[in-house]
Amino acid sequence: MTTMATQGAFLRLRLTSSSKSVAKPTELGFLSSQLSGLRISQGPSTDVINRISLPSFPGLQPIVARKICPFTGKKANRANKVSFSNHKTKKLQFVNLQYKKVWWEAGKRFVKLRLSTKALKTIEKNGLDAVAKKAGIDLRKK
């Protein structure tokens with residue numbers, strides 16, 4: 001009974017003893033592994049790769065509301081959560097986004113917006129038209 005170490009030495013002897021020809025997998029002395037009985041090959045076959053890879057659908061993306069304020073551009077802040085033992089773990093501090101109906105004077109109607117509380121204060125101070133124009137948002141679409 002031979003072990004894997006002696007088989008490795010046998011293979012090295014056989015490879016070095018062959019003259020000028022390149023050793024092919026069939027010339028190595030065995031075609032299957034002693035441990036699992038599986039065939040040893042040079043590389044992955046294409047049919048295995050085709051079975052493993054899943055078809056991708058680039059047009060089907062999940063619809064997720066982004067946590068960014070369109071008026072101020074505020075987004076999540078990366079911060080550390082510090083425990084009593086001063087152990088730091090990463091966390092996100094999200095923007096305080098609210099759904100709000102705001103009266104649009106030029107359009108003579110309410111506009112439903114998702115904006116941060118900071119943007120709401122800015123709209124109360126400067127007016128909806130001025131803030132939307134500065135942010136480049138067209139209110140007629142909504």
| Would Asn80 and Lys90 satisfy side-chain contact (heavy atoms from CB on, under 4.5 Å), going step by step from the backbone distance to the final call? | CA-CA 5 Å; Asn80 284 325; Lys90 300 286 184 189; 3.7 Å; yes

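- Counting heavy atoms from C-beta on, the side chains of Asn86 and Lys88 come closer than 4.5 Å.
- With hydrophobic clusters built from ILVMFWY side chains whose heavy atoms lie under 4.5 angstrom apart, Ile137 shares a cluster with Val102.
- Val95 has its side chain out of reach of Thr72: every pair of non-hydrogen atoms, C-beta onward, lies at least 4.5 Å apart.
- Once rounded to the nearest 0.5 Å, the distance linking CG of Leu120 with NZ of Lys100 reads 6.0 Å.
- Nearest approach of Leu97 to Ser116, heavy atoms of both residues: CD2-N, 3.6 Å.
- For the atom pair Lys118 NZ and Lys121 NZ, the distance stands at 6.0 Å (nearest 0.5 Å).
- Atom CZ of Phe71 and atom OG1 of Thr122 lie 10.5 Å apart (nearest 0.5 Å).
- Here the NZ-CG distance, from Lys91 to Asn77, works out to 9.5 Å after rounding to the nearest 0.5 Å.
- Considering all non-hydrogen atoms of both residues, Arg140 and Arg109 come closest at O-NH2, 3.9 Å.
- What you find for Pro70 and Ala135 is that their closest heavy atoms are O-CB, 3.8 Å.
- Between Asn96 and Gln98, the shortest heavy-atom distance links the atoms OD1-NE2, 2.6 Å.
- A cation-pi geometry, defined here as NZ or CZ lying under 6.0 Å from the six-membered ring centre and within 45° of its normal, holds between Lys67 and Phe94.
- Linking ILVMFWY residues whenever their side-chain heavy atoms come closer than 4.5 Å, directly or via other members, leaves Ile68 and Leu115 in distinct clusters.
- Closest heavy-atom contact between Leu128 and Trp103: CD2-O, 4.1 Å.
- Arg114 places a side-chain N or O within 3.5 Å of a backbone atom of Arg66 that can act as its donor or acceptor partner.
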